[in-house]
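Working notes, structure below.
Whatever order the structure lists ligands and atoms in, that order sets their numbers, starting from 1.
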Amino acid sequence: MSENAITTVTVALAGRSYDIHIGQRLLTDGDRIASLVRGQQAIVVSNHTVAPLYLDALLVALGRIDCQVHVLPDGEQYKTLAHVADILDTALASNAARDVTFIALGGGVVGDMTGFAAACFMRGVAFVQVPTTLLAQVDSSVGGKTGVNHPRGKNLIGAFHQPVGVVIDTDTLSTLDPREYSAGLAEVIKYGAIMDLAFFEWLEANIEALRARDPEAVAYAVAQCCTLKARVVADDETEQGNRALLNFGHTFGHAVEAVTGYTTWLHGEAVAIGMRLAAQMSAIDADEQQRLVALLAAAGLPVAAPGLDADALLKAMGHDKKVLAGRIRLILLRSLGDAFVTDAYDDARLTQTLAAVGG
Ligand code: NAD
Ligand code: GLY
């Protein structure tokens, strides 16, 4: 892909289909962004970290559109109903009508909250995702899962509400903290591990270029992940079946996050540890397990969390949203590039796997 190439991936959902535009300098591509706005008015939502970096460029690109800006505090702890209510207050105070478009400029937190606000406002208005973290570009901005956290758990309140478009300017990743960037790489590796062996092999060969944020490598990886996610979402929008495969490593990872009070590991780091555990639990060759562990480590990710209690982890896994009829469902691998959902696993093996969380 040349420096100025733009890739477009379509999420095929009949009347709600939309395009994901991926490339460099898209934030300043006024026509592309403005053409996604229905009507003449937009509510642009960002946060205190991202707004100083990219809000001006976005507002210039939106040119003729009447924009109201809502800037959220930065952090997962602000992903609450109260802060979504603040976004709705801004929309109401600006006399926004049903043809308003909400625009999310930021990472997954801003994207999930803005999408949820758009789902609620006047029973649902259009919204556009302009994701600025690697995690948001390869995962959260695509697929229409929106929502907020509750003191009882993460993402417990929300709605499926698809965006009308996603604009991914890969240049925005240049300002991302290295740890956040590696956390995004965990989700990138996930796609290869669960559904695309050739992509997994490409990642093995190109992980150094990706870590160095080589523009071509980044653009290819983001486009590949969006293509894979678009396929999954088009087949199973509301997660009745295969969309659950995208949670590979997440059930273990959520447990690691929960028992460490959400303070030790970033989500992507916990998912990396979780993917190592899920691979260990899977009936795959030791060589394949080792390849996954090596790729995660090469991406700057942890693969073990010393000092955690296996019983506490098991209990935390029991609180996962993926528990069905009291049984924890796991995403396991048949082989690299081929995952499946199951509740038919050996409980003793699960306990053994959790006991090995420390590495
Ligand atoms: P985040 O939104 O908290 O962003 C991480 C940090 O990077 C924040 O401090 C943010 O302000 C900062 N940041 C964002 N873009 C930046 C940039 N370009 N330069 C410098 N700093 C920047 O975290 P995240 O990892 O993007 O998203 C995590 C959230 O996404 C969680 O709430 C999770 O539940 C959600 N999520 C949703 C889905 C979905 O399908 N909807 C999927 C996965 C995760
Ligand atoms: N991040 C998982 C999903 O979108 O289904």
request  = Test salt bridge (Lys or Arg N to Asp or Glu O under 4.0 Å) on Lys154 and Asp112 and set out the steps.
outcome  = CA-CA 12 Å; Lys154 283 180 75 175; Asp112 281 12; over 6 Å; no
inquiry  = salt bridge (Lys or Arg N to Asp or Glu O under 4.0 Å), that's the test. Do Glu187 and Lys190 meet it? Break it down for me.
reply    = CA-CA 5 Å; Glu187 303 289 353; Lys190 173 192 79 178; 2.9 Å; yes
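Tyr78 pairs by the ring-ring contact (aromatic ring centres under 6.0 Å, His included) definition with His83, not counting sequence neighbours. For Glu257, the side chain to side chain donor-acceptor pair (under 3.5 Å) criterion is met by His267, not counting sequence neighbours.
Here the heavy atom of the protein found nearest to atom 5 (O) of ligand 2 is Arg243 NE, 2.7 Å. Nearest to atom 4 (O) of ligand 2 among the protein's heavy atoms is Lys229 NZ, 2.5 Å.
Closest heavy-atom contact between Ala34 and Arg64: O-NH2, 3.6 Å. Looking at every heavy atom in both residues, Tyr181 comes nearest to Leu134 through O-CD2, 3.5 Å.
Applying the side-chain hydrogen bond (donor to acceptor under 3.5 Å, both in side chains) test to pairs two or more places apart or on separate chains, those with a residue in residues 284-308 are Glu204-Arg291.
In terms of modelled atom types and a separation under 3.5 Å, the side chain of Thr342 and the main chain of Ala344 share a donor-acceptor contact.
Within the structure, ligand 2 lacks Glu187 among the residues with a heavy atom less than 4.0 angstrom away.
Closer than 4.0 angstrom to ligand 1 lie heavy atoms from Asn47, Thr49, Val50, Leu53, Tyr54, Asp74, Glu76, Lys79, Gly107, Gly108, Val109, Asp112, Thr132, Thr133, Leu135, Asp139, Ser140, Lys145, Asn155, Thr172, Thr175, Leu176, Glu180, Lys229.
Under 4.0 Å from ligand 2, the heavy atoms of Asp139 that appear belong solely to its side chain.
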